[in-house]
Asks: 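This is the structure I want to talk about, given as structure tokens.
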Amino acid sequence: MPSDYEFTSIETRWMKDWIERKAWAAPEVPDPGRKRYALTMYPYPSGDMHMGHVEIFSIHDAIARYLRMNGHQVLNPIGFDAFGLPAENAAIQRGIDPKKWTYSNIDKLYSSAQRLGCSFDWDRKIATCDPEYYKWNQWFFLKFYERGLAYRREAPVNWCPKDKTVLANEQVVNGRCERCDTPVVKRYLAQWFFKITDYADRLLEDLDLNHGWTERLKSLQRNWIGRSYGAEVEFEIEGRDEPVVVYTTRPDTLWGATFFVVAPEHELATELTVGTPVEDRLAEFREEVGRLTEIDRTSTERDKQGLFLERYAINPVNGERIPIWAADYVLTDYGTGAIMAVPAHDQRDFEFARKYELPIRVVIEPPGEHLDADTMTESYAHDGVMVNSDRFDGTPADRSVQVVTDWLQEHGLGRHAKNFRLRDWLISRQRYWGTPIPIVYCDHCGEVPVPEDELPVVLPEDVDFAPSDQASPLATATDWVRVTCFKCGGPARRDTDTMDTFVDSSWYFHRYVDPHNDDAPYDVERSNAWMPIDQYSGGIEHAVLHLLYARFVQKVLMDMGMAKDPEPFPNLLNQGVVTMYGKRMSKSRGNIVEPQEAFERYGADALRLFMLFSGPPEANFDWPEEGVTAIEARTFRWLNRVWLFCEENRDVVSVGDLATEPEDDALRRQIHRTIKVVTEDFERFSYNTAIARLQELVNQAYRYKSVGGGHPQVIREFMETLLKLLAPMAPYLTEEQWHRLGHDDSVHEQTWPSFDPDLAAEDVVTMVVQVNGKVRDTIEVATSITEDEMKDRALASEKVRSHVGERTIAKIITRPPRLISLVVPESDRS
RNA sequence: GCGAGAGUGGCGGAAUUGGCAGACGCGCCAGCCUUAGGAGCUGGUGCCUUCGGGCGUGGGGGUUCGAGUCCCCCCUCUCGCACCA
């Protein structure tokens, strides 16, 4: 009586074996045509491994192992996104050194990944908090600076009052801090930006190169970049030399522009009121607006607030004097920060006009209808015909924008223009645990970049981590801050902010090809040999963060001659998240299921299969109420069934030629069909159905034994095929049984099985007979059946005949060999 | 409001091209085995049924010999964007 699957010692043995002989090491440079770069988004080391990691790694590892078995040289590295707020917060709350905290988490996560049986190339490990890594963040920063892609500017920025740092637009979700959910406020600060807007068109257009992206993800990015087409129009301002430019998507409504609005924070507002009685009221108004959180400011329910600046602009198309207002519904950083207001045809302008009793003039009407400005209750923003617009009266809406813009351009009043929702990437952070920005400030020379040979600017350790509203933690490292200017040798101060950690993750996949390089971020030749990433996997939560920033940086690298591919990851698999009771697992919710317990009770393979079997990889996985015990019923018992079959049958040896019986052929056919469909399933990442097919095969093998089947070659073919097909998903059990079957090499180094087409083809199929579209009989037939035979067999069926009755058959549709459909008149059935 | 995606048994899900809806598994039911079972084995399991059959993939209509799949309308849910001019 063979014993059950005892995984503990087996897992330990093979884990050691794989690591010691570097089983997953990729060559420095791959053979041409054989490379596959498989990458999973590097994890943030916030503690030990959690179920989210287990899911991602299980899927990703199945991909990598499958590629390897298909003869590819696979680069499958792992590293750690090691900078970031949680380390610092842990340091503040528990008095632990952020460095120690981070590295100890990295150690835990690294060995848990080994225990899970991941096939990473362990020696390529990187941690972004190593000076050897972040030195190159600083190097890239300087390169960006040289190219005019990094600049410092005072601007209204998103400030999280709890985390006490600024945030990028991408990190503000519904007006709240993405990390701690605190409402964000605007602050005026001098900050560093990366000029991602220079690449907006390319980021938009190259999305089509990413064939392996979901439409959903592409649409998220398109939305975020938000390109719109329209016109820039010049408005003269009374008493000002220079005209002011506004951006509009509807230049055809210019004749309906009855007032002009600037954002309260806009410098034009200050300029227009300085020295006038309005000056103080504007300052007050601006302060009022500044106190609002982004949520309040952008709430559509809130009443729009405005202030008449007592100045006038001239409408360029009709020379009308229109009043200039400051209003909180106009944003400083979109377009030019000033707009022409067309209340009749824009809902926001309409509400504002009604509130402050400003004139409304209709210039677009629905065909054949009249709109009355005095009685309308909302703006009319649909298609129509131009009216009250001089020579353009009667122009239909489908041409009006083009025609008017052409005319404006001809007369020097405006021009065609486009605009983006995307803003430049704010990379300064007022926090400690990140890459110091390699810039010093000199009273004499101003902003001075740290020379390359002075890199890295190492993060100081003697720092008060506690964040404040006034200064970054690094400012408390007074000795570190004080430097001599690299240009003039005079006194200077270091920039005390650190970089957004998304800078780190925007190029880490290049570092993996050459992780120990001291002279450059990476060797370009090597990177070119491995890039692009053939299969990337990770969560969709990075849709407009990492996945957008990394694409931007890749394009800059390309322009610098450091990359050859416009897109770094054309194929992307977005796994779902692991939840329980529909909510993301988290300590604060108390709905955590620990992988450690699962490892101990059921082993890594059962846990991996459990994740893979639950559903498609893109779907979220809601952990069942039972907790880890669910693994027992769903996958551990089946693994044990596989184990016992191998234990009971591995000593079956061949004794010369054996005649094959029909049941032998049946099992062989099933084996080859299974190879075919499981291979197809792997190609489309459909692991849940692959496992289902393997379960069917195992069921069939047990049935074969129970009816007396026992052909040694067939049994062996079954076991070896099963182990190979299962190996990418359950690496430990398959490795152990592979060796128990007498092999000296690893199952993971075997070639993925191929099928015999003759065997995989079905010889007998079930032919369905329909009468008027309804299934009336099913008949077992040979695959090679002819259409005539099909008709004969169908018409011979009692069941079919009773449904046809006396009626004549009007039409017969045959789809050999599976289907025949008889059409008879619906009338009086007797 | 704009954009994207989804809706299938008690549950997770399957059906790649318009061709037997519900594979595989969980759960449940019955039986066998066992001192015992949270083990193992066998069979059953969409709903209704007068046992002929009828109905069935969110609802309604359409195309077709045939629709979960294609087309139109509607409902619900999820996600993203949203005072972006």
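Only a predicted model underlies this, so the values are computations on that prediction, with no experimental measurement involved. In the text below, chain A, chain B and the rest are named by the order of the sequence lines, each starting its count at 1.
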Asks: Can a side chain N or O of A:N699 be found less than 4.0 Å away from OP1 or OP2 on B:G25?
Replies: yes
Asks: Restricting to side-chain contact (heavy atoms from CB on, under 4.5 Å), what partner residues turn up for A:Y356, sequence neighbours left out?
Replies: A:Q305, A:W325, A:F352, A:L358
Asks: Under 4.0 Å, heavy atoms only, any strand: does A:L331 hit a base, just the sugar-phosphate, or nothing?
Replies: base
Asks: Find the distance A:W213:CH2 to B:A4:P and express it as a whole number of Å.
Replies: 18 Å
Asks: Looking only at atom P, what distance separates B:C55 and B:G66, rounded to whole Å?
Replies: 14 Å
Asks: Across the strands shown, which category fits A:K218 at heavy-atom distances under 4.0 angstrom: base, sugar-phosphate, nothing?
Replies: nothing
Asks: Classify the side chain of A:R693 and the base of B:A23 as holding, or not holding, a donor-acceptor pair under 3.5 Å.
Replies: yes
Asks: To the side chain of A:R776, which of B:G12, B:G54, B:G13 is closest?
Replies: B:G54
Asks: Name the closest nucleotide to the A:N688 side chain, picking from B:G27, B:A14, B:A4.
Replies: B:A14
Asks: Under 4.0 Å, counting only non-hydrogen atoms across every strand here, what does A:E680 touch: a base, just sugar-phosphate, or nothing?
Replies: base
Asks: What do the steps show when you test A:N158 against A:K186 for side-chain hydrogen bond (donor to acceptor under 3.5 Å, both in side chains), and what is the final call?
Replies: CA-CA 5 Å; A:N158 304 301; A:K186 286 279 185 210; 3.2 Å; yes
Asks: Starting the side chain at C-beta, find the nucleotide from B:A4, B:A85, B:G53 nearest to A:D346.
Replies: B:A85
Asks: I need a per-nucleotide contact map over nucleotides 36-45 of chain B, read 5' to 3'. Cutoff is protein heavy atoms under 4.0 Å; write B for the base, S for backbone only, - otherwise.
Replies: --BSSS----
Asks: Would you classify A:P624 as touching base, sugar-phosphate or nothing, given that sugar-phosphate means primed atoms plus P, OP1 and OP2, and contacts are heavy atoms under 4.0 Å?
Replies: nothing
Asks: In whole angstrom, what separates A:E762's CD from B:A23's C1'?
Replies: 13 Å
Asks: Look at the rings of A:W623 and A:F610 and say which category their plane angle falls in: under 30° parallel, 30 to 60° tilted, over 60° perpendicular.
Replies: tilted
Asks: Are any side-chain N or O atoms of A:D346 and backbone N or O atoms of A:D349, one a donor and one an acceptor, separated by less than 3.5 Å?
Replies: yes
Asks: Is it true that A:F235 and A:F260 have ring centroids separated by less than 6.0 Å?
Replies: yes
Asks: If the condition is side-chain contact (heavy atoms from CB on, under 4.5 Å), which residues does A:S802 pass it with, not counting sequence neighbours?
Replies: none
Asks: A:L639 has an atom CG; how far is it from atom P of B:G25, in whole Å?
Replies: 14 Å
Asks: Any donor-acceptor pair under 3.5 Å linking the side chain of A:D252 with the backbone of A:S400?
Replies: no
Asks: Would you say the ring centroid of A:F682 lies under 6.0 angstrom from that of A:Y687?
Replies: yes
Asks: Heavy atoms from C-beta onward define the side chain here; which of B:G80, B:G25, B:A15 lies closest to that of A:R684?
Replies: B:A15
Asks: If you look at every strand shown and take non-hydrogen atoms under 4.0 Å, does A:T766 touch a base, only sugar-phosphate, or nothing?
Replies: base
Asks: Looking only at side-chain N and O atoms, does A:Y247 come under 4.0 Å of OP1 or OP2 in B:A85?
Replies: no
Asks: Quick check on B:G9: syn or anti? Syn means the glycosidic torsion is within 90 degrees of zero.
Replies: syn
Asks: Specify the glycosidic conformation (syn or anti) of B:G52, with syn defined as within 90° of 0.
Replies: syn
Asks: Specify the separation, in whole Å, of atom CZ of A:F685 and atom P of B:U16.
Replies: 18 Å
Asks: Centre of A:Y229's six-membered ring, under 6.0 Å away, within 45 degrees of the axis: is that where NZ or CZ of A:K418 sits?
Replies: no
Asks: Judged by atom type as modelled, is there a donor-acceptor pair below 3.5 Å linking the side chain of A:R807 to the main-chain atoms of A:V804?
Replies: yes
Asks: Under a 3.5 Å distance rule, please check whether A:R176 uses its side chain to pair with a backbone N or O of A:D181 as donor and acceptor.
Replies: yes
Asks: Can you measure A:R216 atom CZ to B:C2 atom C1' for me and round it to whole angstrom units?
Replies: 17 Å
Asks: For the side chain of A:T689, starting at C-beta, report the closest nucleotide among B:U16, B:G25, B:A14.
Replies: B:A14
Asks: Taking the P atom in each of B:U57 and B:C47, what is the distance between them to the nearest angstrom?
Replies: 15 Å
Asks: Taking only the P atom of each, what is the distance from B:G13 to B:U64 in whole angstrom?
Replies: 36 Å
Asks: Of A:K355, A:R354, A:R348, which meets salt bridge (charged side-chain N to carboxylate O under 4.0 Å, His left out) against A:D303?
Replies: A:K355
Asks: Calculate the interatomic distance between A:L254 atom CG and B:A85 atom C1'; express it in whole Å.
Replies: 12 Å
Asks: Among B:C83, B:C55, B:C81, which is the nearest nucleotide to the side chain of A:N174?
Replies: B:C81
Asks: Using the P atoms only, state how far B:C26 lies from B:G60, rounded to an integer number of Å.
Replies: 35 Å
Asks: Considering all heavy atoms of both residues, which atom of A:V244 and which atom of A:I237 are nearest to each other, and what is their separation?
Replies: CG2-CG1, 3.7 Å
Asks: With sugar-phosphate meaning primed atoms plus P, OP1 and OP2, does A:V544 contact a base, only sugar-phosphate, or nothing at under 4.0 Å between heavy atoms?
Replies: nothing
Asks: The side chain of A:V768 lies closest to which of these nucleotides: B:C26, B:C84, B:C20?
Replies: B:C20
Asks: When the C1' atoms of B:G68 and B:G7 are compared, how many Å lie between them, rounded to an integer?
Replies: 11 Å
Asks: On a whole-Å scale, what distance lies between the C1' atoms belonging to B:G46 and B:G9?
Replies: 5 Å
Asks: What interatomic distance, in whole Å, is found between C1' of B:G59 and the corresponding atom of B:G52?
Replies: 31 Å
Asks: Please produce a list of atom pairs where a protein N or O lies less than 3.5 Å from an N or O of nucleotides 63-65 of chain B.
Replies:
{"from": "B:C65", "atom 1": "OP1", "to": "A:K811", "atom 2": "NZ", "distance (Å)": "3.3"}
{"from": "B:C65", "atom 1": "O2'", "to": "A:G773", "atom 2": "N", "distance (Å)": "3.4"}
{"from": "B:C65", "atom 1": "O2", "to": "A:S821", "atom 2": "OG", "distance (Å)": "2.6"}

Asks: Please convert RNA chain B into dot-bracket. A pair counts if it is Watson-Crick or G-U wobble with both distances under 3.5 Å; crossing pairs go in [ ] and bases paired with another strand get |.
Replies: (((((((..(((......[....)))((((((.......))))))(((....)))..(((((..]....))))))))))))....
Asks: Show which side-chain atoms of residues 638-647 of chain A pair as donor or acceptor with protein atoms under 3.5 Å away, not counting sequence neighbours.
Replies:
{"from": "A:N640", "atom 1": "OD1", "to": "A:Y5", "atom 2": "N", "distance (Å)": "2.8"}
{"from": "A:N640", "atom 1": "ND2", "to": "A:D4", "atom 2": "OD1", "distance (Å)": "3.3"}
{"from": "A:R641", "atom 1": "NH2", "to": "A:N699", "atom 2": "OD1", "distance (Å)": "3.0"}
{"from": "A:W643", "atom 1": "NE1", "to": "A:S3", "atom 2": "O", "distance (Å)": "3.1"}
{"from": "A:E647", "atom 1": "OE1", "to": "A:R740", "atom 2": "NH1", "distance (Å)": "3.2"}
{"from": "A:E647", "atom 1": "OE2", "to": "A:R650", "atom 2": "NH1", "distance (Å)": "2.4"}
{"from": "A:E647", "atom 1": "OE2", "to": "A:Q737", "atom 2": "NE2", "distance (Å)": "2.9"}
{"from": "A:E647", "atom 1": "OE2", "to": "A:R740", "atom 2": "NH1", "distance (Å)": "3.1"}

Asks: Expressed in whole Å, how much space separates the C1' atoms belonging to B:G5 and B:G10?
Replies: 27 Å
Asks: Measure the distance from NE2 on A:H266 to P on B:A85 and round it to the nearest whole Å.
Replies: 16 Å
Asks: Any donor and acceptor pair, going by atom type alone, linking the side chain of A:H345 with main-chain N or O of A:I364 inside 3.5 Å?
Replies: yes
Asks: A:D349 near the nucleic acid: base, sugar-phosphate alone, or nothing, with a heavy-atom cut-off under 4.0 Å?
Replies: nothing
Asks: Can you tell me which nucleotide in B:C26, B:G80, B:A85 comes closest to the side chain of A:V330?
Replies: B:A85
Asks: Base, sugar-phosphate, or nothing: which does A:R421 touch, judged by heavy atoms less than 4.0 Å apart?
Replies: base
Asks: Choosing from B:G80, B:A82, B:A23, which nucleotide comes nearest the side chain of A:E696?
Replies: B:A23
